[in-house]
Each structure stands twice: as structure tokens, then as C-alpha cells.
Amino acid sequence: MSTIKVGELLIDQQLISQEQLDEALALQKVFPNQPIGQLLCKLGFISENDLSAVLDQKNKRLKLHDLLLISGVIDQQKLSHAREISAQSAITLEKALLKLNYVDEAQLARALATQFDLPYVEINGFELDMSLSHYISAVYAQKQRISPISKIGNTLTLAMAYPLKRHEIRELEDNIRLKIISAIATETNIRIALKRLYNIDALSTASAQDEVNLDLVPDSIVELLSKSSMTDEPDVEEETKKVTERDSVIVKLVNKIIYDAYMAKASDIHIEPYPGKKEVVVRTRVDGQCSIYQRIPYKYKFAIPSRIKIMAELDIAERRKPQDGKIDFKKFGPLDTELRVATMPTVGGLEDVVLRILTGGDPLAFKDLGLTERNQRVFQNALASPHGLLLVVGPTGSGKTTTLHSGLAQINTPSRKIWTAEDPVEITQAGLRQVQVNPRIGFTFAAALRSFLRLDPDVIMVGEMRDEETATMAVEASLTGHLVFSTLHTNSAPETVTRLLEMGLDPYSFSDSLICVVAQRLARRLCVNCKQSYSPDDAELNEIIEEYGRDSFDSSGVSRGDVALARAVGCERCGHTGYRGRLGIHEILECTPPLKTLIKKKSDTDFIRIQAAQDGMTTLKQDGLIKVLKGLTDIFEVRRVCIK
């Protein structure tokens with residue numbers, strides 16, 4: 001259905017003629033930034049009151065952000081960022097623009113005045129006549145964020161932070177028996193006027209949540225660090241007292257660190273204080289690599305850990321032993337995210353703090369896992385199995401949980417009951433029944449798994465096999481008609497088999513239950529914005545083929561003519577690193593009949609690796625080299641994350 005334009009709407013309402021509209025359209029070619037309604041008013045074809053009534057009735061006013069775009073105050077990139085912050089923190093787009101410092105109060109108020117065809121005014125509180133307070137009650141003025149600023153004859157001019165509705169203006173005119181002229185002013189100006197006329201603060205009724213939101217995106221880190229005059233060695237008790245009294249600089253400083261890390265897509269934040277007058281080092285881990293975010297003066301070395309402990313509801317007085325907890329950051333700042341907190345006492349009576357940012361969200365699409373054709377086929381066959389054991393292995397931070405949830409999303413249907421036990425629950429899916437384990441109260445993975453078996457499951461996911469009890473129960477559950485997913489901290493798929501046998505699993509039960517083992521790593525992806533593609537010379541290509549294995553390369557399906565290498569360059573979008581985002585590198589061991597025989601014999605890892613290769617498994621490094629030859633990453637990244 002086509003959208004009715006303002007001019008057509010005014011003709012339908014018989015407020016203007018077609019000839020008058022044509023004349024206004026011709027004038028608009030001379031003044032392209034002027035809305036057609038305002039031009040019709042300037043030509044005298046329609047009154048401002050009639051135009052305003054139609055625009056309000058039909059919701060035809062230009063959006064405030066459109067006016068800011070048209071006037072060049074913001075660009076589309078800033079608008080998109082402000083929309084993201086607005087959605088995350090449940091505040092208005094206008095407030096997000098203000099807090100991001102993309103607009104100031106005056107620019108926003110002028111745009112609002114243009115939107116509603118009202119004058120913009122600046123208020124000098126000292127010039128206001130105190131008798132103006134007699135016409136509007138203090139309670140009403142404070143509630144509506146309005147202030148009388150002048151009275152001439154029977155006309156009262158009201159400054160407003162946001163325009164009152166037409167019926168509210170009419171009711172007010174009837175009550176005070178004066179004609180009202182509306183004008184737009186900044187909230188700061190309104191507050192100054194109300195302080196002068198009524199001795200009240202217009203924003204004193206703001207909720208605690210509003211106050212938090214006003215500090216969502218604090219000043220720059222440099223400005224924050226300059227807001228304290230303390231120069232001597234800080235005293236721990238004195239600093240702790242400051243934090244418990246919510247010292248605004250420390251509160252904003254911690255919020256700023258977390259906010260910047262989140263916006264940079266960091267996974268972890270490391271707070272590292274040092275003895276004496278050495279600076280506190282703050283490092284962030286982005287795409288698996290740690291780098292220094294900021295060096296903070298030593299005077300904050302007690303205050304920052306104490307503030308984080310308060311946010312995580314930890315014991316602020318306990319500095320002799322490690323503690324761990326969580327922060328629900330939406331209580332303190334603009335982001336709807338959780339942080340896992342761990343503290344560790346270090347030399348000099350100090351404490352290191354590490355915060356893991358739990359971004360949550362939806363599972364990654366299965367097609368985006370980056371599996372090769374063979375690996376995708378084996379994994380999908382495992383997911384289609386009615387029962388059995390599917391393991392995803394790798395070190396901490398290698399994306400195991402992401403892979404498991406992508407697999408679960410493939411089989412998450414109303415006909416299947418799926419239970420998961422996780423620590424913590426990072427990714428949520430509708431249809432899954434997800435449980436957070438709590439070892440402190442004895443609710444371990446093994447206890448959760450034992451309970452799941454009484455809840456009529458079809459599929460069970462156990463976050464991690466940490467001990468023989470959990471592993472044995474998982475095998476038994478897979479043999480009794482359940483499809484079981486889990487993870488393990490091992491270096492490769494063949495090693496996983498021997499590790500579980502060494503843990504004490506029965507080789508016959510284990511061989512019958514195992515479907516496949518997915519080992520994976522995460523390598524940094526070359527930035528698509530700046531990577532430089534090139535054709536390798538014979539020496540470089542031969543080196544990669546030798547590293548892959550010349551015999552194996554011939555059966556990889558990659559021809560020399562298809563090779564397209566790329567190198568890291570660096571640009572603004574990737575922070576001049578040359579890398580942006582990560583991609584998965586996988587090896588998938590399929591539990592074939594010959595492999596089951598080796599498991600029953602408790603064979604060594606080398607024999608299992610040879611058999612898996614014969615069954616079609618490519619190693620982690622081989623999979624990584626294939627992605628190097630496709631120009632997705634470079635050889636240095638693959639060598640960094642993969643063993644031979």
C-alpha cells in the first residue's frame with residue numbers, strides 16, 4: 001500500500017488546492033530542506049494550527065532523527081550505534097544520542113522545535129519575572145517539564161522540553177484564562193527556570209534507573225582519570241570506604257572499562273594492579289588475543305577491585321583468598337549483559353580481577369560453523385542418530401559451547417525433549433530446558449545428569465565431563481536410548497578417546513556409545529575490509545603443501561589453480577591488526593567399526609589417529625591450511641593455534 005504524502009493529505013482534507021500545492025512544490029526546489037507543510041504556511045495557503053492538527057492526527061511529522069540527519073548533525077553510522085544502545089538499555093533514541101555525545105541538548109531541542117514548527121528559545125533565569133509563577137502550579141510545571149517565561153497582555157509564553165498535546169494546551173488556556181504560545185527549550189534551561197521561579201529542580205523526580213542511564217556512557221577515560229587530586233600512596237581502608245560511598249569517578253571508571261570492552265567485542269577484561277607506585281594495567285582479550293586497553297594511575301589499585309566486588313556482591317573485606325561471582329550489568333550501565341568475575345590475591349596485599357563477558361544471544365547458524373563438506377556430513381549424521389555420545393573438545397575459549405548449541409538448534413523440534421546442564425548458561429534457545437549447575441551446593445554435572453534421566457529426555461547436553469562419574473553416567477545414558485552431548489578439555493580428537501579410557505571408562509560400553517568426536521580451535525579471520533589477496537610463488541605453495549602432507553593434499557580436493565592466499569594489512573575497522581572476527585578449525589573423528597575395535601583393545605593414540613585418517617579425518621592443522629589456501633586466514637594464525 002502506497003504512503004499518502006502530506007500535500008495529498010491536505011488536498012483530501014480540502015485545506016489547500018492542487019494549484020497551491022504545485023506552487024509550494026516549485027518553491028521547495030529552491031529550499032529543498034524545508035518541509036512542504038512549512039512552505040504552505042509561509043505562502044499563506046494554510047494556517048499553522050490547521051497544519052499542526054493534520055500532522056498530529058495522521059502522524060505525518062518528520063521523525064526527529066530524520067531531521068538530525070537532514071541537517072547533518074549526525075550521520076547514519078552514529079544513528080545506527082545510538083539505536084543499538086537505545087535497544088540494549090531500554091532508553092529513548094534521543095537520550096542515547098545525548099549520552100553518546102553525538103548531539104548536544106541545544107541541537108536536539110532545535111530539531112524538536114523544527115519537528116513541531118515551534119520557536120526555539122534560550123532562557124536567562126535572572127531575567128525571569130517572579131510573578132510568572134502565579135499562572136502555572138509548581139507541581140504541574142515540574143511534571144510536564146514546562147516553565148512560563150513571559151506574559152504580554154493576555155498571552156503567556158511557555159517553554160517546554162517536549163510539546164504539550166493540543167487538548168492539554170486548550171485545557172490549560174481554559175484554566176488560566178490566557179492564550180498560550182508554545183516554545184521549545186533544553187531541559188537544562190527548563191531546570192534553570194523552575195529553580196528561579198519555584199525553587200525546585202525539574203529533574204528531582206527522576207527515577208534511580210534514569211540516574212543510572214544518565215551515566216551509561218561516561219566521559220572519556222582520560223577525563224575520568226583526571227578527576228582525582230590524590231597523589232600519595234592510597235590506603236586500602238580509605239579507598240574501600242570511598243567505594244562503598246559510591247565515589248562517582250570510580251563508578252564511572254569501572255562502567256567505562258566494561259562498556260568499552262563490550263563495544264570492542266572483548267571476551268575478557270584483566271585488571272592487574274602492581275605494588276608501589278606502578279600503574280594498574282587493564283588488558284582486554286579480543287579475538288583470543290590480549291592487548292593493553294589502558295594504564296590507570298596506581299591510586300586506583302584498591303578502589304577498582306573493590307568496586308567490582310561490590311557489583312558482584314562479593315565480600316569486600318576479604319582480600320586473602322580467591323572469590324568468584326557474577327555481575328548483572330544492566331543494573332549499573334547501558335548493556336544487558338552478564339559478567340563472570342574472579343578475584344585472586346597477589347603480592348603486596350593486592351587483588352587481580354578477571355571479568356568474562358557473557359554475551360549470550362542466539363546460537364550460531366549451523367552453516368556458519370565453517371565445516372568442510374566431509375566434516376559437515378559426519379556431524380549431521382551424528383545429530384540424526386537416535387542415541388549415542390557426541391563430544392566436542394578443545395581448550396578453554398575454543399568455541400565448544402557455540403558448536404554444541406549450533407548442533408542442538410538443528411534438532412531442536414517440538415517432538416524432542418532436550419535438557420542441558422551448563423556452567424554458565426551463555427546461549428539460550430527456546431524449546432531447550434536449560435539448567436545452571438552450582439557445585440557449591442552439590443548440584444554438579446553428574447547430579448544434573450542423574451536427575452535428567454528421571455525427566456523423560458530425548459537429548460541431554462552436559463556442559464563438561466570433569467570426572468569419571470560424569471563420563472560413566474553419560475555413556476550409560478547414551479546406551480539407554482538418549483543422544484548425549486558433552487565437552488572435554490583435550491588437544492585433539494584421537495587423544496580424547498585414550499583420555500576417557502584412562503579415566504576408567506569400560507572400553508566396550510564406550511565404543512558402543514561413541515558416535516563422533518569434534519576437536520576445534522578458533523583462529524583469527526583476516527579482516528575482509530583490508531586483507532590483501534595475492535598469488536603465492538611455487539616455494540611458498542610447496543611449503544604449505546609439505547606442511548599439509550603431500551600425499552594427503554592430493555586427496556584434499558584443492559587444486560593449485562584454486563589457491564588464493566591473503567595477508568593481513570590493518571585498517572580502522574580491525575584496529576590496525578589485520579584481523580577481525582574468528583573462524584573455526586575442526587577435526588572430526590568418526591567412530592567407524594574399525595575404530596570401535598581399536599577402542600575395545602584400548603589402543604594407543606597413534607593407532608587411533610592413523611585409523612581415523614584412513615576413515616577420512618583431516619587434522620586440525622590440515623583443516624586450517626585449507627582455510628589458508630582459501631584466503632580466510634593466514635599461515636601464522638594456523639601455526640599459532642594448531643599442533644602438528
Side-chain angles (χ1 to χ4, degrees), residues 363 366 375-393 400-401 403-423 425 427-437 443-488 490 493 496-497 499-501 503-518 588-600 602 615:
F366 190 77
N375 287 347
Q376 185 169 317
R377 173 178 52 79
V378 173
F379 199 4
Q380 285 184 320
N381 288 342
L383 294 171
S385 302
H387 55 81
L389 181 63
L390 190 157
L391 300 173
V392 180
V393 303
K400 300 186 295 294
T401 302
T403 299
L404 278 176
H405 270 280
S406 295
L408 285 173
Q410 290 289 100
I411 59 174
N412 182 8
T413 62
S415 62
R416 284 187 138 166
K417 182 63 178 281
I418 304 175
W419 283 96
T420 76
E422 303 170 67
D423 184 23
V425 177
I427 300 171
T428 57
Q429 289 190 56
L432 267 57
R433 309 310 300 149
Q434 296 176 262
V435 173
Q436 169 95 39
V437 300
F443 187 42
T444 60
F445 284 118
L449 181 52
R450 193 178 297 110
S451 298
F452 287 169
L453 294 174
R454 295 192 288 269
L455 297 171
D456 187 31
D458 295 303
V459 181
I460 296 171
M461 186 186 104
V462 182
E464 186 182 338
M465 287 185 177
R466 292 178 178 169
D467 49 53
E468 182 188 351
E469 181 188 8
T470 308
T472 301
M473 289 189 65
V475 169
E476 289 175 357
S478 67
L479 291 172
T480 53
H482 307 95
L483 185 58
V484 180
F485 296 75
S486 193
T487 71
L488 211 66
T490 52
T496 305
V497 175
R499 170 77 63 83
L500 287 167
L501 290 172
M503 282 174 63
L505 289 185
D506 175 56
Y508 289 91
S509 298
F510 179 42
S511 65
D512 287 342
S513 68
L514 186 64
I515 305 172
C516 74
V517 180
V518 180
I588 299 187
L589 176 148
E590 186 178 11
C591 196
T592 59
L595 200 62
K596 289 180 184 291
T597 302
L598 290 177
I599 294 173
K600 289 172 184 175
K602 301 181 74 171
D615 294 335

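The closest side-chain heavy-atom distance from Phe379 to Thr403 is below 4.5 Å. Annotation: side chain of Val484 is not in contact with side chain of Met473 (no heavy-atom distance under 4.5 Å). Between Val497 and Cys591 the shortest side-chain heavy-atom distance does not fall below 4.5 Å. The closest side-chain heavy-atom distance from Leu505 to Thr472 is below 4.5 Å.
Interatomic distance, CG of Leu488 versus CG of Leu391, reported as 6.5 Å (0.5 Å rounding). If you take OG on Ser513 and OH on Tyr508, they are separated by 14.5 Å, rounding to the nearest 0.5 Å. Considering CD1 of Ile411 and CD of Gln380, their distance stands at 12.0 Å, rounded to 0.5 Å. If you take CD1 on Ile460 and CH2 on Trp419, they are separated by 10.5 Å, rounding to the nearest 0.5 Å. With rounding to the nearest 0.5 Å, the separation of CD1 in Ile418 from CZ in Phe452 is 12.0 Å. Gln434 contributes atom CD, which lies 9.0 Å from atom CD1 of Ile427 (distance to the nearest 0.5 angstrom).
Side chain of Asn412 to backbone of Ala430: a donor-acceptor contact under 3.5 angstrom is found. Of the possible donor and acceptor atoms, one in the side chain of Thr444 sits under 3.5 Å from a partner among the backbone N and O of Ala447. Checked by atom type and distance alone, the side chain of Ser478 never pairs as donor or acceptor with a backbone atom of Leu483 at under 3.5 Å. The main-chain N or O of Asp458 is never found under 3.5 Å from a side-chain atom of Lys417 such that the two would form a donor-acceptor pair. Thr480 contributes a side-chain N or O that, together with a main-chain N or O of Glu476, makes up a donor-acceptor pair within less than 3.5 Å. Under a 3.5 Å cut-off, the side chain of Glu590 and the backbone N or O of Leu595 do not form any donor-acceptor pair. Counting only distance, with no hydrogens or angles, the side chain of Ser486 and the backbone of Val462 share a donor-acceptor pair below 3.5 Å.
The local environment of CZ in Arg433 is sparse, with at most 12 non-hydrogen atoms from other residues, nucleotides or ligands closer than 6.0 Å.
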Stepwise, does the salt bridge (charged side-chain N to carboxylate O under 4.0 Å, His left out) test hold for Glu469 with Arg450?
CA-CA 10 Å; Glu469 181 188 8; Arg450 193 178 297 110; 2.4 Å; yes

After noting the C-alpha distance and the side-chain angles of Met461 and Leu449, does the key distance pass the side chain to side chain contact (heavy atoms under 4.5 Å, CB included) rule?
CA-CA 9 Å; Met461 186 186 104; Leu449 181 52; over 6 Å; no

For side chain to side chain contact (heavy atoms under 4.5 Å, CB included), just list the numbers for Val393 and Thr487, CA-CA rounded to whole Å, side-chain angles, deciding distance to a tenth of an Å, and then say yes or no.
CA-CA 5 Å; Val393 303; Thr487 71; over 6 Å; no

Could you go through the side chain to side chain contact (heavy atoms under 4.5 Å, CB included) check for Ile515 and His387 one step at a time?
CA-CA 9 Å; Ile515 305 172; His387 55 81; over 6 Å; no

Mind running side chain to side chain contact (heavy atoms under 4.5 Å, CB included) on Leu500 and Leu514 for me, showing each step along the way?
CA-CA 11 Å; Leu500 287 167; Leu514 186 64; over 6 Å; no

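Electrostatic pairing of Asp506 and Lys600 does not count as a salt bridge here, judged by no charged N lying under 4.0 Å from a carboxylate O.
Smallest separation of non-hydrogen atoms from Thr420 and Leu408: CG2-CD1, 4.1 Å. Pro363 and His405 get closest at one heavy-atom pair: CB-O, 3.9 Å.
No side-chain N or O of Glu422 forms a donor-acceptor pair with one of Gln436 less than 3.5 Å apart. A donor and an acceptor atom, one from each side chain of Ser509 and Asp512, are nowhere located under 3.5 Å apart.
Residue pairs satisfying the ring pair (Phe, Tyr, Trp, His ring centres under 6.0 Å) criterion with at least one member in residues 466-485, sequence neighbours excluded, are absent.
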